[in-house]
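Structure record follows, encoded as structure tokens.
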Amino acid sequence: MQKKPIVLAAGIIALTASTMASAQSFSFNELVNIGASMPTIGDLAGDADLNTPSQTITLDNGSTLKIATLDGNRYLSDVLATNDADLIIDGKKVNITTTASSLESAYDNPSQNASFTISAITETRPVTLEWSGSLGDIDKTGTFDIKLNGTPYTLELPSDTTLTQFNGQTPVTIRNRGGKVLFSGRLDNITGDQINEIASILGVLNADKSLRAAQKQAMAQSFGMLSEQIDVAMAPSNHSLHRNSTEDSDRFNLSEGLSLWVSTEVGDLSGNSAGLKYDGDSKAAMAGIDKRMGNVLAGVAAGYSKFDLTSDYGNSDLSGNLIAPYAAINLLNNNLVLSGILLYQDLEGEYSYGNPTTEWDGDRYGARVAGTYYLPRFGSNENLLAGVTLGGAYLDDDLDDSYSHNIGAKLGEAFGGINLSTQLAAGRLFGSVTYYEDVTSDFDGAASVLESEDDSRTEVKLGVAHRLGTNMTFNLSGKTTVGDSDTEYDAVQASIAYSL
């Protein structure tokens, strides 16, 4: 087995992993050290040195790099005899696969063409590097076509410079598929802001973008279900329709007492989160109890929600149980409704692309406040009711990944819209158009570059509330986004409320 290709391949793997670490920590020290040492990383004494579970290599700057098998029992020689190897490099798990019969075969025959896929999770970010060619090209060229997290790029070194001559002072140029220069310069001169931006462009932050997509969808779903319960319960009734009745016609008259309700929602979703296009589905179920005391409504809901998102660069899901107390009050002769919702959710999920999988675990905290002013009734029998709604909502996803690194995200939005309803003897038809605008955004860690993302959406809702009996109401509604939006969804919600 030839030694030099083994050493260089190990250096490339380490370089990939350290690039990920740099994007997370804003320091290229490890990258520069390893990159500068690749040409003279040091030959192994012989094949016998591979008959051990681990090997420590001394870099030319005096530092060391430890390479070990995953379980600490198999020999390095055994792992390299396969075409799918798991290694621990500098304390980080790395998976490398090849289309050659084995890694050993690729190393021993550096002129043969083969494809290599290197996958690693360093800090919180999964990276998959794909490269096709011969290992002998490392000595011959300074231009390489690669795929990073599925996206093709070209790495260029200066003319007459090969990868074996690369070090921290060597200028490097990174181009996208269209030839646009994403970065050009010396790696040891990159600033923290540049690292952040490059990490986003190269797809290193796709897990963070997926998390933001799930959060945006959750903002619409969780608060949307609860706010509809409040709207149905608090909207003024048209008593003129029931002049001959001595009893409240339905739930809308704010009768005293308790009400129990259950609600479920399913939907399709899609969108674009800072350049990451995705689609998927959502589902949620809630149950609640509230009490009306004069012009005041107070209640609490508990439930479960889950989002599954799919993109070209990874699949993710985020789910958990939630609890949400809520309250509302009618003022100005029931023409003004003020409402508030608090939300807590225990979250878990994962993001996977290729071999790496990042697991998420944590909590979500949220709040929503709104005010709706109802205009005087109009139409025949004064059975049309219109209202104007203004408010804001906030979600804080405090998550840790598999390695206890915080990858949380925060999102605040303001909204305003109009609603229209008509009350009939058996129930009510209602609809609304609401505009939502992001007003604050925050990420933990290296994903702060995504904070500049600004998004808006316009939601259209149409529903019906129908009495099933003296004390029971059935609600069915559908909602969708219209116009140009990075957050899109179509959802159907159904609920039943029973007044005690």
Side-chain angles (χ1 to χ4, degrees), residues 215-238 252 263 265 267 269-271 282 284 297 324 326-332 334-343 366-379 383-395 411-423 427-441 454-465 475-495:
Q215 188 181 52
K216 283 180 173 290
Q217 298 290 346
M219 179 76 85
Q221 182 184 77
S222 299
F223 287 131
M225 295 179 69
L226 292 165
S227 63
E228 182 166 310
Q229 296 300 321
I230 295 174
D231 292 343
V232 169
M234 297 297 287
S237 284
N238 189 347
F252 316 129
S263 179
E265 179 178 295
L269 51 90
S270 61
S282 65
L297 176 75
Y326 58 92
I329 184 171
N330 260 341
L331 302 173
L332 303 179
N334 295 336
N335 291 322
L336 176 63
V337 177
L338 303 179
S339 63
I341 301 169
L342 297 176
L343 183 145
R368 179 188 189 270
V369 293
T372 300
Y373 182 77
Y374 291 96
L375 304 174
R377 290 183 177 276
F378 60 97
N383 67 335
L384 294 177
L385 180 66
V388 179
T389 299
L390 296 173
Y394 184 78
L395 281 183
L411 176 65
E413 64 179 14
F415 56 86
I418 58 174
N419 60 71
L420 181 67
S421 65
T422 178
Q423 189 167 315
R428 174 192 294 171
L429 298 176
F430 59 89
S432 65
V433 178
T434 308
Y435 175 80
Y436 298 84
E437 177 74 27
D438 291 356
V439 294
T440 181
S441 179
D454 190 22
D455 191 22
S456 64
R457 70 181 190 276
T458 300
E459 177 188 280
V460 175
K461 179 189 292 185
L462 183 64
V464 58
N475 303 327
L476 180 65
S477 65
K479 59 184 179 181
T480 187
T481 54
V482 296
D484 185 18
S485 174
D486 285 342
T487 304
E488 300 178 351
Y489 50 85
D490 302 294
V492 176
Q493 178 186 336
S495 63

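Here, residue 1 is the first one in the sequence, and each next residue gets the next number.
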Rounded to the nearest 0.5 Å, what separation is found between the [atom1] atom of [X] and the [atom2] atom of [Y]?
| X | Y | atom1 | atom2 | result |
| --- | --- | --- | --- | --- |
| Leu336 | Met234 | CG | CE | 9.5 Å |
| Leu420 | Phe430 | CG | CZ | 12.0 Å |
| Gln215 | Leu395 | CD | CG | 5.5 Å |
| Leu338 | Ile230 | CG | CD1 | 11.0 Å |
| Glu413 | Ser441 | CD | OG | 11.5 Å |
| Thr422 | Leu385 | OG1 | CG | 9.0 Å |

Nearest atoms (heavy-atom pairs only) where [X] meets [Y]:
| X | Y | result |
| --- | --- | --- |
| Arg457 | Ser485 | CB-OG, 3.3 Å |
| Asn334 | Tyr374 | O-CD1, 4.4 Å |
| Leu297 | Ala233 | CD2-CB, 4.0 Å |
| Gly416 | Leu390 | CA-CD2, 3.8 Å |
| Gly379 | Leu384 | CA-CD1, 4.3 Å |
| Gly224 | Lys479 | CA-NZ, 4.2 Å |

Worksheet item: Does the side chain to side chain contact (heavy atoms under 4.5 Å, CB included) test come out yes or no for Leu476 and Val492, once each step is laid out?
Response: CA-CA 8 Å; Leu476 180 65; Val492 176; 4.0 Å; yes

Item to complete: Mind checking ring pair (Phe, Tyr, Trp, His ring centres under 6.0 Å) for Tyr436 and listing every partner two or more places apart, or none if nothing turns up?
Response: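 Expected list: Phe415.
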
Worksheet entry | Non-neighbouring partners of Phe223 that pass ring pair (Phe, Tyr, Trp, His ring centres under 6.0 Å), sequence neighbours left out |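 Phe223 satisfies ring pair (Phe, Tyr, Trp, His ring centres under 6.0 Å) with no other residue.
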
Could you tell me whether the side chain of [Y] reaches within less than 4.5 Å of the side chain of [X], counting heavy atoms only?
| X | Y | value |
| --- | --- | --- |
| Gln217 | Ser282 | no |
| Arg377 | Asn383 | no |
| Thr389 | Asp231 | no |

Worksheet entry | Non-neighbouring partners of Ser456 that pass side chain to side chain contact (heavy atoms under 4.5 Å, CB included), sequence neighbours left out |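 Here the qualifying residues are Tyr435, Glu437.
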
Practice prompt. Apply side chain to side chain contact (heavy atoms under 4.5 Å, CB included) to Ser263 and list each qualifying residue two or more places apart in sequence or on a separate chain.
Written response: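 Side chain to side chain contact (heavy atoms under 4.5 Å, CB included) check on Ser263 returns Met225, Gln229, Trp261, Gln493, Ser495.
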
Fill in: Thr440 vs Tyr394, side chain to side chain contact (heavy atoms under 4.5 Å, CB included): CA-CA, chis, key distance, verdict
CA-CA 9 Å; Thr440 181; Tyr394 184 78; 4.1 Å; yes

Fill in: Glu488 and Thr481 side chains, donor-acceptor separation under 3.5 Å
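The criterion, which ignores hydrogens and geometry beyond distance, is not satisfied for Glu488 and Thr481.
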
Discussion item. Tell me whether the count of non-hydrogen atoms from other residues, nucleotides or ligands lying under 6.0 Å of CD1 in Ile418 goes above 12.
Written reply: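 Atom CD1 in Ile418 is not packed in, count stays at 12 or less.
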
Worksheet item: Who are the salt bridge (Lys or Arg N to Asp or Glu O under 4.0 Å) partners of Lys216, not counting sequence neighbours?
Response: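 Salt bridge (Lys or Arg N to Asp or Glu O under 4.0 Å) list for Lys216, sorted by chain: Asp438, Asp455.
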
Discussion item. I'd like to check the salt bridge (Lys or Arg N to Asp or Glu O under 4.0 Å) partners of Glu228; sequence neighbours left out, ordered by chain and number.
Written reply: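 Scan of Glu228 (salt bridge (Lys or Arg N to Asp or Glu O under 4.0 Å), adjacent residues dropped) gives Lys461.
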
